[in-house]
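Okay, structure first, notes after.
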Amino acid sequence: MPLDKKFDARAAETRIYEAWEKAGAFRAGANASRDETFCIMIPPPNVTGSLHMGHAFNNTLQDILVRWHRMRGFDTLWQPGQDHAGIATQMVVERELAKEGLDRREMGREKFLERVWAWKEQSGGTIINQLKRLGASCDWSRNAFTMDETFQRAVIRAFVEFYRKGWIYRGKRLVNWDPHFETAISDLEVEQVEVDGKMWRFRYPLEDGLSYRHPVAFDEEGNPTEWEERDYLVVATTRPETMLGDTGVAVHPEDPRYRELIGRHVILPIVGRRIPIVADEYADPEKGTGAVKITPAHDFNDWEVGQRCGLRAINVMTTRAAMWLKDNPDFAEGCPPDDVARAIQLLDGLDRYEARDAIVTLARDEGWLDGIDEDRHIVPHGDRSKVAIEPYLTDQWFVDTSKIVQPAIDAVKTGEVEILPEQDKKVYFNWLENIEPWCISRQLWWGHQIPVWYGPGRTADGRIDYSARAEHAFCGESFEEVAAEARAFYGVDEVHEKTDIADAIEDQLESLSHDSRAITLWRDPDVLDTWFSSGLWPIGTLGWPDDTPELRRYYPTDVLITGFDIIFFWVARMMMMEYALVGQKPFSTVYVHALVRDEKGKKMSKSLGNVLDPLELIEEFGADAVRFTLAAMAAMGRDLKLSTSRIAGYRNFGTKLWNAVRFAEMNGVYEVHRDGAAMPEPRATANRWILGETARVREEVDAALSAFRFNDAANALYAFVWGRVCDWYVEFAKPLLASEDAELVAETRATMGWVLDRCLVLLHPFMPFITEELWGATLPRAKMLVHADWPETLSAAEVVDAKAEREMRWVIALIEEIRSARAQMRVPAGLWIPMLELELDAHGREALACNEALITRLARIGSIEEAEAAPKGSVTVAVEGGSFCLPLEGIIDVAAERARLEKTVAKLEKELAGLKGRLSNPKFVESAPEEVVEETRENAAAREEELAKLRAALERLTEAA
RNA sequence: GGGUGAUUAGCUCAGUGGUAGAGCGCUUCGUUCACAUCGAAGAUGUCGGCGGUUCGAAUCCGUCAUCACCCA
């Protein structure tokens, strides 16, 4: 049954994917024929996410490598899975609940988590199915999830190990607080956004009527010429609401204006707090007034200043970033009670922005507003919530990254782990060498709950101490483990667990009243940063902490392919955590790819509306076209700008391949060629030539893929299949297949069949669907293409026939020359014209004799005859070793022919001048490599020869005219 | 402010010292004989500017300009 005229991607892709899955084609070790393993860990997408262009790109590259290795017989595992995306998923579910008028706090943790799991069950498969549409050949039977029981065990184990080694600690620190989600987030989850804002200047009165002289006018050299007497300091701030937590004013120690004020005090307006003027280099004399208010509990820089200068940190906000003044002893401490009461009355409970307005209004009304300037500044925002982040003082868990960072740096320095492209190494080092402690606790419910339980403390003399400060933490992989420890610690028989601190205290009081020897512990309610679990991905998915066969076989993995945007989030953390936990690298090579942008180079974003949906593109052009486009554009280290016309072009490439096979089928190729046939040994030059070309492209593709040069591999295949097989070989084969010589026909069929099979094999990693379809449609096959043998030993050195290659190049050049002359002379395309052979060397004669049928057919030449001289009005065709002419008197325009020849002559002359110039330079001949000099000589000679022929032709033209 | 990268045909981009390339687009011609998602032919470049190294620079170095991204 003949093939259709084109490939129906939409109908075929699902069917083919199902066939692969049914055959278990992607299972770990499928098609393995050698000992070496090849393992890629998928960068886990969010479980409730959906496929975007970045995923499509990333997974296409992985699939190319995986299919390539699988066909080469490696024991291959592409490990798929998803992460639980703590904040993102909790956000989605909370939004769902809100529609039903529900709130997670009212539901309670357990009920809420049930809802999250239900949501995961419902939408978790979306991205898997989308990856399948793309053709991703993951071992889905091993699909992993960071919240799976086995993976949870790995996360908890990692936490406990780190804790016991002292690499994790809990502390009251300023963290990036997201007031929308009411959780801490890590530095990396913060986006810096430039916004238009204001800079307010406030006057803080000096204590006890103190005053100083502040310069207000300056001469040309900047020396002050006028001063005014001030009994206040002017501080500037972009965040007036934080002033309630001010505990100092900093000036530069060298600043002459304020030197005498250092150590004195100002009285904070509104609250009446007496706060010191401290010297700190953080205060920049050039900025504003050079005096800066310090709010250690609400600003990272101020926190540092506070630490250095011994200032208090007063938290004045709630977890929702509303003002917290009432019942806030820290706030009230040291302030006049009347002022505190008034502040509470005016400001308590106000949102931070309402409070800002209120404070500015107060300042204006009370006369301590010095002025307002327009100001553009950077405000940190939560990358998920998009609200302004509040630096916030809370108890959080941190990984002391300084303890585990060194092996991650060394591994890349020594080359044990390779990062490609090179430039991304710098980014990696830059971050790791300046690494900050990693805040890993999140005030969320969806995630891995921190395996730490708290109980009362113990005093030195063995009594139990219930004060909050004495709180004792127990860390263990289970409550049982912790309970055992607690029994020993307290010397009690019973240890109870409560999830909530309030319940625990109640329970404790109850036991005390019964004089029972029991202690109640409560578990830390927080969960771990999703990236803490993703950091364990390579070992966790393979079964760690158990010593599984998979872990032994596939770990360390081979390649990680990921976007540059998660080098810090993920790559660096896997490096640190895996070295810390198993003492081995997680992977050998990291290939970092760039961003997919729209065709104008803009980052794709929903708000810009320039998002290309990979699934829509797959619908329109087929997965193969989308994949091939991404591969062809994957030049290392460059962003890629995607346009649909490019995808359409590669869809056409698939059609081209399809029709080449269709041609073969229509010409009896598959009556002769057999599945698994050895490479034929044909006589005909064209057949021998294409075998050599096939060997060459195989080497090119392997070299390119080995170097992660996906674009080179894709382009080599494109140029081979379209530019050599379809444009030339199929055309050469037409006269051969039409020959009377049955043996010639048979060898041509065998050759074409073999070459096309190699095309399918080599293209399969890039275009798996259409190639698999053609593979199955042409012959009964022992194995599906997905498991076909990669022609690894096909070597150009062995297969290329230098004579055949030279001959075919000559034939192609001649045909191109004739076609070009015809087109420029406006010879009607359908017209068969005679050609005269004027002079020809031995090689040319042989090449002509062997390929006359090809030449006459492809150049539309009716006859070739020898002639002594070119007749009047003929067109000259010069080739290596000879020249021909097309006697076209009456058809051609002499002036046009002259113009054509002159143009070529001019081009050759220019080239020749350059070549001769170099050769006549003695320094060039002396210092350039021998082969370069030789090549230049040959080039010059060849040009000279051609030039002579064309000049002669020009002369004849002149004589004739 | 610090860092990284980019600047090559109309567009998107390859090109690590030896004759400037590809795809798309454009122009002309062409459909019985695999494919119009096609074929044939063609036009288009001070390789961002300036300096340097070299026999030789799109390529190496310096500098300036413009743009982009990352980090503060």
Side-chain angles (χ1 to χ4, degrees), chain A residues 2-3 5-7 187-188 190 192 300-301 378 380 421 423-427 429-431 434 564-565 567-568 594-595 597 599-603 621-622 625 629 632-667 669 709 711-712 714-715 718-719 722-723 726-727 730-731 733-734 738 815-816 818-830 858-860 907-908 910-915 917-929 931-933 935-936 939-940 942-943:
Chain A
L3 286 169
K5 281 187 90 171
K6 61 184 182 205
F7 177 55
D187 299 346
L188 292 176
V190 176
Q192 305 295 338
F300 287 98
N301 289 315
I378 306 281
Q423 68 224 36
D424 285 296
K425 273 186 200 169
K426 292 181 194 166
V427 181
F429 288 134
N430 195 277
W431 190 68
N434 299 294
F564 76 98
D565 49 334
I567 293 180
F568 310 139
L595 214 61
R597 296 165 177 279
E599 55 193 313
K600 295 193 184 73
K602 285 242 160 55
K603 194 168 169 172
F621 299 106
T629 308
M633 298 182 80
M636 234 187 270
R638 290 281 299 243
D639 285 349
L640 48 103
K641 298 178 193 165
L642 198 59
S643 77
T644 51
S645 67
R646 197 73 189 259
I647 304 172
Y650 289 116
R651 186 258 333 258
N652 298 352
F653 175 56
T655 307
K656 192 73 182 172
L657 172 72
W658 181 269
N659 278 289
V661 173
R662 184 161 172 264
F663 170 83
E665 187 194 41
M666 292 164 77
N667 284 276
V669 163
R709 303 184 62 96
N711 57 323
D712 285 352
N715 291 331
Y718 185 95
W722 199 319
C726 293
D727 284 350
V730 170
E731 294 305 325
K734 283 175 183 171
I815 293 168
E816 284 180 336
I818 299 169
R819 282 174 171 172
S820 177
R822 288 179 60 124
Q824 285 178 67
M825 292 304 108
R826 307 215 170 260
V827 177
L858 296 183
R860 296 226 164 197
K907 187 175 152 238
L908 283 171
K910 193 181 151 210
E911 283 172 8
L912 190 60
L915 292 168
R918 282 203 272 159
L919 286 167
S920 62
N921 181 342
K923 282 190 176 168
F924 171 71
V925 183
E926 268 168 46
S927 34
E931 65 266 23
V932 173
V933 177
E935 199 188 326
T936 311
N939 269 329
R943 269 164 188 65

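The sequence lines fix the lettering, A, B, ..., with proteins before strands; numbering per chain opens at 1.
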| Would you say A/Lys425 has more than 12 foreign heavy atoms packed within less than 6.0 Å of its NZ? | yes
| Taking atom P of B/rA34 as reference, at what distance in whole Å does atom CG of A/Asn652 sit? | 19 Å
| request: Look at A/Ser820 and B/rG42 and indicate whether a side-chain polar atom (N or O) is within less than 4.0 Å of OP1 or OP2. | output: yes
| task | Report yes if at least one side-chain N or O of A/Arg709 is closer than 4.0 Å to OP1 or OP2 of B/rG15; otherwise report no. | result | yes
| query | With a non-hydrogen cut-off below 4.0 angstrom, is A/Lys734 in contact with a base, only sugar-phosphate, or nothing? | reply | base
| Donor-acceptor pair present, A/Lys656 side chain and B/rC35 base, under 3.5 Å | yes
| field | Spatial distance of atom OG1 (A/Thr644) from atom CZ (A/Phe621) [nearest 0.5 Å] | value | 5.0 Å
| message | Taking donor-acceptor contacts at under 3.5 Å, does the side chain of A/Arg943 reach the base of B/rU19? | response | yes
| message | If you assign each of A/Gly830 and A/Ala928 to its closest nucleotide in RNA chain B, which residue comes earlier from the 5' end? | response | A/Ala928
| field | Lys/Arg-Asp/Glu bridge criterion (N-O < 4.0 Å) met for A/Lys734, A/Glu731 | value | yes
| said: For a quick test of reading the model: is some side-chain N or O of A/Trp722 closer than 4.0 Å to OP1 or OP2 of B/rG39? | reply: yes
| said: From the set B/rG23, B/rA34, B/rA14, return the single nucleotide nearest to any side-chain atom of A/Met666. | reply: B/rA34
| message | Using whole Å, what does the distance between atom P of nucleotide B/rC35 and atom CZ of A/Arg651 come to? | response | 17 Å
